[in-house]
Structures are given as structure tokens and as C-alpha cells.
Amino acid sequence: MEYTIDAIKNVSIAGHGGTGKTTLFERLLFAGRVVSKPELVESGKTVSDSTPEEIERKISIHAALAHIDRDGKKLNFFDTPGSSDFTGDVILTFRAAEFALLTVDGRSGAQIETVKLWRNLEMRNKPRGIFVTYLDDDRADFNRVLVDIKDKFKVTPIPFTLPMDAGEAFKGVIDVLNEKAYLVQKDALEKEGAIPDGYNEALAAARERLIEAAAEGDDELMDKYLENGTLDSDEVRRGVIEALAKNKIVPVFAGAALKNSGLVSLLNAAADVFPSPKTAKDIAVGADGAQKDAPLDPNKPLSGLVVKTAYDQFSGKLSWVKVITGTLSADSEIFNVSENKKERIGKLFVCQGRRLEETREICTGDIGIIAKSASLKTNDTILAVGAGDASVTFLPLRLPEPVHSVAVNATAKKDDDKLGEALIRASEEDLTLKYSFNSETKEAVVSGMGELHVNMILDKIKAAQKIDVETHIPRVPYRETITKKATAEYTHKKQTGGHGQYGKVLIEIAPLPRGENYQFVNAIFGGSVPKNYIPGVEKGIAEGMARGVMAGYPVVDVEVKLVDGKYHPVDSSELSFKLASRNAFREAMKLAAPTLLEPITNLTVFVEDKYLGDVMSDLSGKRGKILGQDTVGGIGEIHAQAPQAELLRYSIDLRSITSGTGSFTVEFDHYAPISGKIAEDVVKAAVAFKVQEEEE
Ligand SMILES: Nc1nc2c(ncn2[C@@H]2O[C@H](COP(=O)(O)OP(=O)(O)O)[C@@H](O)[C@H]2O)c(=O)[nH]1
Ligand SMILES: [Mg+2]
């Protein structure tokens, strides 16, 4: 079936782990007749949790996409992971969808991950709503959740559906927009019915709130509402559409997905009133980096953005493309702006979870899948060949930086290349995973959003490649510097038959302010070191600085002044001056009270209030310095600085302190001197590492 932009609705279902996202997704597909029998998450057979790693762990790890046809509309739903380890796949759906639906557990209110996702949506000014689940549980309380939402998010939630009782007595929901009741059926989809006695008052009150919210949609409606005190149902519908598109109201839906309740009203609302790509704008970035609104427009030539890359065991590489203007057609030629390459694409697909369905065309606003593309990768912009402005790309995904790193190698040395290739591919598929070889520490390092994330990737590679992988804590990139001035002289002299080697330098070294790295001053007067040998001197100093005299770490923040020297008209060469300078630098450094520097990171930790004390005392034990503390929307935020060396396993430590609910961000801030026992241990470890390296 072919659609147009007005018919497309993209909805991302997101929220804290275990709040019923995958269950809601599965049941929506059931209500939308995509699946005839909904499966339980525990069975490993849901449409969404379909990869081996998801089936094994019984949690969602990857974004899944499926669609429902309803009244000629195409409703694209994304299911997303709840663990902050896999947040990259949540954020990409926020990028791709015009609306986000956050699931909130009716028993507990909004949990930490949901609060963090809310902030991300806030930053994007993305229209959003809430689905309150688990209302069939005795501990659930819809009204308490409404208060909680108001408190944490500082918004007035507008119930679009109301629950009829809770727990054992839960009967279903009342649709406030359409004034209908949907009653829970045993093992079947909810059924439309008359509104039972006793709910009319609550419905009338909710209807009042909804009408008032609809009036927010535009000024004309507001005037009318203020004049007449009400709006007719057409006006309510129009006002709600406007208010949602402008992100002025937050609709709340009630339900119990596991009991197939709350689904029909949600599907109707998605089809009728949720924002379509037509009212949304994408963001284009010009060659000069300036950002510009890019309306989704079917009348322009094709343009689009690759929002996700997945490798499927059967279908190979799959590139998810959001069409931003024009139409994407099968068997056509496209231009990959980011790679500056033309590419002929073959078949085009849409998907129901893992199942691919072939299609001829993807319209503006919709998301299609190109299989086995040679050049496409996530964040690439595509254009119709010869059309549009090839200096403009769409705004790439902004993802958080990895927080957990491990050094890896294949147990059998011959498998190292295989491991490297698999990790490169994994990091293309998942942009929150980084893989690099650190030439300084001589380690291959994999970094991700947490231990769970990194382990999942490595387990997958081990199984697919049939190799064994060893991991260890990565080495810290220490630095060396000096703390006072020193002078040294060195003569490099060698007589070997014919030509000899001769060069003499006198240098002065002095500490520079932290972060200034290196400065070379040529203070030679009268040609004691001729100009053509200066590059040799600089090379020698660079070599000296590459391996410090304390533990062999790079030397930083030193000014080197070449003061004097001597040359020989026949025997001098660039090489002679290089060797003289390198040795002079080493001599000088030994005299300049050298010291070790360690990297210090800025750390922001997000935890539930009750863990604040424990987290702060743990940080103090890790030589951390607390810079500030804040509580926003019920979530404690700690700002601190701590040595990188103490945080190598922080994602594991924080997980255990906060029962898995805490998360953090880190970024390098500066280098700071270390001394005493800590410095001695670093030197000892460096010596041991060097010995081991030489033995190999
Ligand atoms: N009683 C009840 N259980 C539910 C409901 N929704 C989900 N569950 C259960 O809660 C567990 C976690 O659900 P899941 O969909 O995997 O949550 P997700 O992590 O947000 O995807 C599963 O065992 C579901 O069967 C609900 O509305 N009522
Ligand atoms: Mg899930």
C-alpha cells in the first residue's frame, strides 16, 4: 500500500526498563491485526525482542520498528531499550519520530531513565505523551502517577483516557476524546461498550480539561473558548492536533498492555491527532555549519537521512532511511552526500520487527530500509542524483559519549584481525560503541555505555566469529612533565671512517602552564647551529618528549630553548643534531624535577535521591572532588572531578551501589600531578609493562 505524508505517524515508545514497552508494542500490533496472537516477553517470541541477544537476556537491546495500517494511515511504532546501556537506539528513534510515548509504571511513577529521556525530548522540543501501564496491578494508582508527572516534569498532564478502577477490579479505560468505554476481555482485545455507571462525573471533568487544553491549539480557538466556555467536538479535535504538533500539551493514556487494554484509544489517537511529519521540521546543516529548518516536503526531489544501520544474520546490512523530501524508489540511483558517492539501490523494504516486506516506494516522512548498501552508514544524507544542494546535510544524531572501556585481544593471536574487523562493524552499527587502537598504551580499546553493553557486543562477536576474547582494564594514558628549569649540554660525536658525525647543543627547558604542551624557541645568535640543522634539533626534542624519563609516558607542557651549540663544516648533519638534541633533552629533564601527570575527568552522576550519600562517599574514596549537587525532577545529579585511574570500573561500581539505576557521563578535563605512593605504583607498573613488552 502506498501512502502520502499526511498518512504517516512515527511514534517512539520509550521509558525506563521493565515499564512494559515491548508488551505495549506487541499488543498494539495485535490490536492492529499485524499479529494474530500476542506473545509474552518471556517467551522470546515477541516481534520486537527478536535477536539472539534479546531472546537470551529477555530485554530489549535494539530499536525495533513495525507498522499498523489504520483508517488509511500508516502508524510506525518503534520499540526501544530501557537500559541506559543501549540509549543510543532510543535517541535515534527520537531523531526519526515526530512523537514520543513514554511508558510509566502505574505503581511507581516516572523512574530515572524516563526522567532522563524526558530531558532529551525537552532539548529537542519533541512532542510527547505518556502511557501509564500496569493499571491491572493492585499497587497501581493512576491519580498518584498524574501528580508524580506534574511534580517531575513541571507540566499539566491531560488524560486522554481514564482507567475504570485499578488492580483486581480494573475494567478498562474510557476514551475522553471520543467519549467511549473500552472494556477488558479475557485473552482478547478490549471491546467498545457503554460507559458504565459511576464514571460520568470523572469523564465530564476530564472532558473539561481536554477542551481547555485543545483551546491552547490556536488563538482563534482560545478566543472562542473564552467567549463560550466550551468548544464543539470538531474544534476539540482540531485544537488537540495543533496543540500536540506545537508541543503545548502532554496527553496521558491509561492502560494495562498485558490485558490488551488502552490500545484502541491509543491507536485512534495516533491515527487522528498525533503529529504527522507534515507539521514537523528536520534540521539541515550548511557547509558553514549553520543550522536551518528543513520542512518535510513531498514536492521536492528525494532527500533523506540514514537513521540506523543494522546487520541481520540473514539479510545482511540494513540501512534505515527516513525520507525527508520527495520519494525513495526501489531500483533507483541515489547520491550519498556524506560519502560523495552515487549508488544504485536495489530492493526496498519496510519491516515488521525482523520481518522485511518488499515495497516499491517510501513517501516523505516514512522510514524505509535499503538492504546491502555499499556506501550508506548511519547519519549519511542521501539525495536524488543531480538534485538539491550537495553541501547541505541533515543534522547527525547527537549521542552520549561512552563511559566504560575495556582493552581487548583475541586469545589466539591469529584471531586478532577477525576481532578487529568485527569490532569495526559493530561500531558502525552502534554509534555509542567506539573501537580504537591506542598507540600510546599499545592496546585495542572498546568503549561503550556500560558493562552490559560492552559484554553484549563481545559475546555476540565471540559466538559469530567462533573466537575467544580476553579483556582487561585499559591502561591509563599518563603524562610526564617538569616542575623547574634546567639546562643541559650534549655533544654527539662519532668517527667512522670517511664522514664523521658531529653536533653539539645547549638547551634550557622550563615548565609551561598546564595544557600548553610544547613550545620551541630558537635563541641561537651568530650561527652556532646553522638554520638547516634546526629541523633536526626539533625532531630530536620531539623524540625525547615522546618518552619521558620517569616511566616512558609522553612529556607535556615544556618550553625548550636552544641556546647554543657547535657544528663541524664536514661532519655535521641533521641526524647528528637530532641525536644530540634528544639526549640533551633527556639529561635536562632529569635535572628539572620531573613529575607524573594523571588525567582528571569531569563526572556527572545521575541517581535516585536515596543513593546520593552512598555515591558521594564512594567518590571521595576514589580521590574524587564533589563540585556540586542538584536535584531536578526527583533525580539527584552530582557534579564531580575524579582521576580517570579510579573510574576504570565505575560503571560496575555505580551499578552495584544504585541497584542498576544510576548512570553517569564522563569527559576528560585536565592533567594533574601525582606523587608519593600513587606515582611510585604507576612507575612500577610501567617498568613491568616494558619488561613484558620486550620479552614478547
Ligand atoms: N500485570 C502487568 N504486567 C505487565 C504489563 N505490561 C508489561 N507487563 C509485564 O512486565 C514485564 C516487563 O515488560 P516488558 O514489556 O518487557 O517491559 P520493557 O522493558 O519496558 O520492554 C513483562 O513480564 C510483562 O509481561 C501490564 O500492563 N500489566
Ligand atoms: Mg523491552
Side-chain angles (χ1 to χ4, degrees), residues 11-31 35 37-51 53-66 77-90 93 100-117 130-142 145 161 163-173 182 184-190 252-266 353-354 452-453 456 660-661:
V11 179
S12 162
I13 301 175
H16 198 86
T19 50
K21 296 176 291 298
T22 301
T23 305
L24 176 62
F25 183 84
E26 183 80 5
R27 304 295 163 139
L28 286 172
L29 297 181
F30 171 59
V35 297
K37 177 176 170 283
E39 299 287 353
L40 294 173
V41 170
E42 289 74 14
S43 73
K45 290 187 194 154
T46 59
V47 173
S48 161
D49 290 353
S50 58
T51 61
E53 56 270 22
E54 291 173 312
I55 293 166
E56 186 194 321
R57 290 179 169 80
K58 305 278 186 284
I59 57 164
S60 307
I61 291 178
H62 309 285
L65 172 61
F77 284 98
F78 293 96
D79 182 27
T80 65
S83 160
S84 64
D85 278 61
F86 306 112
T87 196
D89 258 30
V90 188
T93 69
L101 185 71
L102 297 173
T103 49
V104 169
D105 188 327
R107 301 167 298 188
S108 61
Q111 289 151 286
I112 182 159
E113 204 49 37
T114 307
V115 176
K116 281 171 20 198
L117 294 174
I130 290 168
F131 189 86
V132 182
T133 61
Y134 281 98
L135 293 176
D136 59 325
D137 191 287
D138 282 334
R139 290 157 292 176
D141 183 340
F142 184 68
V145 173
T161 55
M164 293 179 280
D165 292 338
E168 288 279 322
F170 181 68
K171 287 187 198 59
V173 301
Y182 292 93
V184 172
Q185 307 294 307
K186 196 171 175 335
D187 298 325
L189 186 61
E190 59 194 336
V252 177
F253 298 86
L258 196 64
K259 300 279 160 22
N260 302 311
S261 170
L263 309 173
V264 175
S265 318
L266 178 60
R354 252 179 137 187
L452 179 63
H453 183 208
M456 185 277 293
T661 57

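Indexing begins at 1, ligand by ligand and atom by atom, following the structure's order.
Between Lys171 and Asp165, at least one side-chain N (NZ, or NE/NH1/NH2) sits under 4.0 Å from a carboxylate O, which counts as a salt bridge.
Heavy atoms only, all atoms of each residue included: Phe253 and Leu101 are closest at CD1-CD1, 4.2 Å. The minimum heavy-atom distance linking Phe142 with Ala254 is given by the pair CE1-CB, 3.7 Å. Nearest heavy atoms, His16 versus Thr114: N-OG1, 2.9 Å.
Closest to atom 28 (N) of ligand 1, if we only count protein heavy atoms, is Asp136 OD1, 2.9 Å. Counting only heavy atoms of the protein, atom 9 (C) of ligand 1 lies nearest to Tyr134 OH, 3.4 Å. Nearest non-hydrogen protein atom to atom 25 (O) of ligand 1 is Leu258 CD1, 3.6 Å. Considering only non-hydrogen protein atoms, atom 23 (O) of ligand 1 sits nearest to Glu42 OE2, 2.4 Å.
By the 6.0 Å contact criterion, NZ on Lys45 is open, its count of non-hydrogen atoms from other residues, nucleotides or ligands being 12 or less.
Not a single N or O atom of Lys259, backbone or side chain, sits closer than 3.5 Å to an N or O atom of ligand 1. The N/O atoms of Thr23, backbone and side chain alike, include one that comes under 3.5 Å of an N/O atom in ligand 1. For Asp79, no nitrogen or oxygen atom sits less than 3.5 Å from a nitrogen or oxygen atom of ligand 1, counting backbone and side chain alike. Among the atoms of Gly20, some N or O lies under 3.5 angstrom from an N or O of ligand 1.
Summarising the contacts of atom 18 (P) of ligand 1 with Lys21, Arg107, Arg27, His16, the nearest heavy atom is found in Lys21.
Not a single heavy atom of Asp137 sits under 4.0 Å from any atom of ligand 1. Residue contacts with ligand 1 include Ala257, since one or more of its heavy atoms lies under 4.0 Å from the ligand.
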Exercise. Just do the side-chain hydrogen bond (donor to acceptor under 3.5 Å, both in side chains) check on Thr93 and Thr80 with the steps written out, would you?
Key: CA-CA 8 Å; Thr93 69; Thr80 65; 5.3 Å; no
Exercise. Verify side-chain hydrogen bond (donor to acceptor under 3.5 Å, both in side chains) between Asp105 and Thr19, making sure each step is shown before the conclusion.
Key: CA-CA 5 Å; Asp105 188 327; Thr19 50; over 6 Å; no
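The distance from atom CD1 of Ile59 to atom CE of Met456, rounded to the nearest 0.5 Å, is 8.5 Å. Distance check: Thr103 OG1 to Leu117 CG gives 9.5 Å after rounding to the nearest 0.5 Å.
Atoms of ligand 1 lying under 4.0 Å from any heavy atom of Gly18, numbered from 1 in the order shown and given with element: 17 (O), 18 (P), 19 (O), 20 (O). Of all atoms in ligand 1, listed by their number and element, those nearer than 4.0 Å to a heavy atom of Ala256 are 27 (O).
Not a single N/O/S atom of Thr23, whether from backbone or side chain, sits less than 2.8 Å from the Mg ion (ligand 2). The nearest N, O or S atom of Ser60 is closer to the Mg ion (ligand 2) than 2.8 Å.
Heavy atoms of Val41 found under 4.0 angstrom from ligand 1 belong exclusively to the side chain.
Annotation: Phe86 is in aromatic contact with His453 [ring centroid separation under 6.0 Å].
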